[in-house]
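Everything below concerns the one structure shown next.
These values consider heavy atoms only, across backbone and side chains, with no hydrogens, waters or symmetry-generated copies. Heads up: numbering here begins at 1 and tracks the sequence. Just so it is clear, the structure is predicted and the values come from calculations on it, not from any experiment.
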Amino acid sequence: MPPAPYGPGSQYPGPQYPAGPPAGFAPPAKKKRMWLWVTLVVVVVALVLVGGGLAAYFLLLKDDGKAAIGKTAQQYYQAIADGDAAAALDQLATKPSSTALLTDDVLAASKKAAPISDITTTVESSTADEAQVTVTYQTGGKNVEQTLALQKVDGTWKVAEGTATVDLTAAGTGSLPLELNGSPVDAARAVLFPGSYTLTTTTPYVALSDSTFEVTDLGSVKVSAVTATLTDDGVAAFQTAVRQSVDACVAATTLEMDCAWLPMGSTLTDGTELIDGTVQRTPSPETQTWLDALDPTLDADDPALAWVPQPDIDTVGVSVFVHGILNGQEISGTIDVVFPFGSPAVDLSDPDNLTVTWD
């Protein structure tokens, strides 16, 4: 049954209408504000992501740059380790003025003596065009650490200072003809890759020892004095050369005698004028004994020279039979004195042309 209508005195509250806002009042747009905040959050997130992406991008570029620097240093030392001189030279920013010893043959000898292995590189610092790299490797049973300078050339990283200019004069080899790792070398300076090097001489009359040095620190390579020793062939060559020089000296008929320590003038004390080209010389009996016992020593300043001290001036030498003019008359006779020999020295640098000098 439907409810009875409200009547007088009932509890009816009057007409019921939905409550509404006062006239002229606009309620806040809640949905629009929410979308605004969402948009702001999205923008901030996007900015963060973009910024992080850019940072990662530039970091990646930076890492790629370091990788290129390290790769160049690695390739340089690996080329040397492989004995590939052309590949090593290709990594240099500037080619050295002398490449005579920057060859595969020289590197092959170095590799045989002390191979390079376990190469690692660490980029210590870098700018747009320059970098410093620490290179470590093993050679000859020891660890080596070397600082390498790099620079950019036409957009490509190259090794700025990869060779060493070595002063060989400290080796004390004098005028000996030299080879370094089997290749001819000037006795003054040599431009070298990192590696192991041994000095030898091409003359069979002298042997070198203590003549190996290492090129590791490119800025400071020290070469110590070598030990030079006269070989048995050298002793025999010296004895033969001196004997031949004495024979030629004795056979000469001129007044001058190259092997003599005491010169013979053209006029004797009694006024006799000696006639050049008429002199006859005879070695003293002691001369042969002296020649048989020659025991040469290498010169301390120039080991290309072997020498012996002057023999006994009273016994070792020659007697002289001369012709001369005295008071308009030709006379002849033996001078009553032994003309002693000097101290002979033999230059062993050219095995095919030994020269003897007398002091």
Side-chain angles (χ1 to χ4, degrees), residues 168-169 171-180 182 184-188 199-211 225-264 276-277 279-321 335 337-359:
L168 298 177
T169 57
T173 53
S175 58
L176 282 173
L178 297 176
E179 288 186 342
L180 193 60
V185 61
D186 188 323
L199 278 169
T200 55
T201 179
T202 57
T203 175
Y205 302 141
V206 178
L208 301 182
S209 57
D210 303 322
S211 58
V226 304
T227 300
T229 306
L230 196 62
T231 65
D232 290 341
D233 287 343
V235 173
F238 178 91
Q239 292 172 340
T240 299
V242 172
R243 187 183 300 275
Q244 290 175 347
S245 180
V246 167
D247 290 343
C249 188
V250 170
T253 61
T254 58
L255 295 176
E256 294 293 330
M257 186 173 69
D258 292 338
C259 60
W261 172 71
L262 180 64
M264 183 173 65
D276 197 14
V279 178
Q280 295 172 284
R281 296 182 175 90
T282 303
S284 66
E286 292 80 5
T287 297
Q288 188 60 52
T289 302
W290 172 69
L291 288 173
D292 291 340
L294 289 175
D295 185 15
T297 300
L298 290 179
D299 187 77
D301 296 325
D302 187 357
L305 296 177
W307 64 284
V308 293
Q310 183 180 15
D312 187 341
I313 63 174
D314 295 324
T315 60
V316 180
V318 294
S319 58
V320 178
F321 185 84
I335 298 178
V337 66
V338 172
F339 289 86
F341 294 122
S343 170
V346 180
D347 185 348
L348 303 173
S349 60
D350 184 356
D352 298 324
N353 185 30
L354 300 182
T355 57
V356 182
T357 57
W358 296 83
D359 185 7

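Gln288 is linked by a side-chain hydrogen bond (donor to acceptor under 3.5 Å, both in side chains) to Asp292, counting only residues two or more places apart in sequence or in another chain. Shown here are the side chain to side chain contact (heavy atoms under 4.5 Å, CB included) partners of Gln244, two or more places apart in sequence or in another chain: Thr240. Listed by chain and number, the residues in a side chain to side chain contact (heavy atoms under 4.5 Å, CB included) with Val250 are Val246, Arg281, Pro283, Val318 (sequence neighbours excluded). A search for side chain to side chain contact (heavy atoms under 4.5 Å, CB included) contacts involving Thr253 returns nothing, not counting sequence neighbours. For Ser349, the side-chain hydrogen bond (donor to acceptor under 3.5 Å, both in side chains) partners two or more places apart in sequence, or in a different chain, are Asp347. Partners of Asp210 by side chain to side chain contact (heavy atoms under 4.5 Å, CB included), not counting sequence neighbours, listed by chain and number: Thr227. A search for side-chain hydrogen bond (donor to acceptor under 3.5 Å, both in side chains) contacts involving Ser284 returns Thr287, not counting sequence neighbours.
The two residues Trp290 and Pro311 come nearest to each other via the heavy atoms NE1-CB, 3.5 Å. Of all the heavy atoms in Gly342 and Pro344, the pair that sits closest is O-CD, 3.4 Å. For the pair Ser343 and Trp307, the tightest heavy-atom approach, listed with the atom from each and the gap, is OG-CE3, 4.0 Å. When all heavy atoms are compared, the tightest approach of Thr203 to Leu348 is OG1-O, 3.0 Å. Shortest non-hydrogen contact noted between Asp186 and Leu168 is O-CD1, 3.6 Å. Between Gln310 and Phe341, the shortest heavy-atom distance links the atoms NE2-O, 3.1 Å.
Atom CG of Asp350 has more than 12 neighbouring heavy atoms from other residues, nucleotides or ligands inside a 6.0 Å radius.
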Distance-only donor-acceptor pairs under 3.5 Å for side chains of residues 298-305, two or more places apart:
{"from": "Asp299", "atom 1": "OD2", "to": "Asp301", "atom 2": "N", "distance (Å)": "3.0"}
{"from": "Asp299", "atom 1": "OD2", "to": "Asp302", "atom 2": "N", "distance (Å)": "2.9"}
{"from": "Asp302", "atom 1": "OD1", "to": "Ser175", "atom 2": "N", "distance (Å)": "2.9"}
{"from": "Asp302", "atom 1": "OD1", "to": "Ser175", "atom 2": "OG", "distance (Å)": "3.2"}
{"from": "Asp302", "atom 1": "OD1", "to": "Ala304", "atom 2": "N", "distance (Å)": "3.1"}
{"from": "Asp302", "atom 1": "OD2", "to": "Ser175", "atom 2": "OG", "distance (Å)": "2.8"}

Quiz: residues 352-359 side-chain donor-acceptor pairs under 3.5 angstrom, not counting sequence neighbours:
{"from": "Trp358", "atom 1": "NE1", "to": "Ser245", "atom 2": "OG", "distance (Å)": "2.9"}

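Thr201 contributes no side-chain N or O that, together with a main-chain N or O of Leu208, makes up a donor-acceptor pair within less than 3.5 Å. Gln239 contributes a side-chain N or O that, together with a main-chain N or O of Leu294, makes up a donor-acceptor pair within less than 3.5 Å.
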Problem - Evaluation steps, side chain to side chain contact (heavy atoms under 4.5 Å, CB included), between Met264 and Ile335 - result: CA-CA 10 Å; Met264 183 173 65; Ile335 298 178; 3.8 Å; yes

Handout entry: Val338 and Thr315: CA distance, side-chain angles, deciding distance, side chain to side chain contact (heavy atoms under 4.5 Å, CB included) verdict
Key = CA-CA 7 Å; Val338 172; Thr315 60; over 6 Å; no

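Side-chain contact between Pro296 and Val235 is present, with heavy atoms from C-beta onward closer than 4.5 Å.
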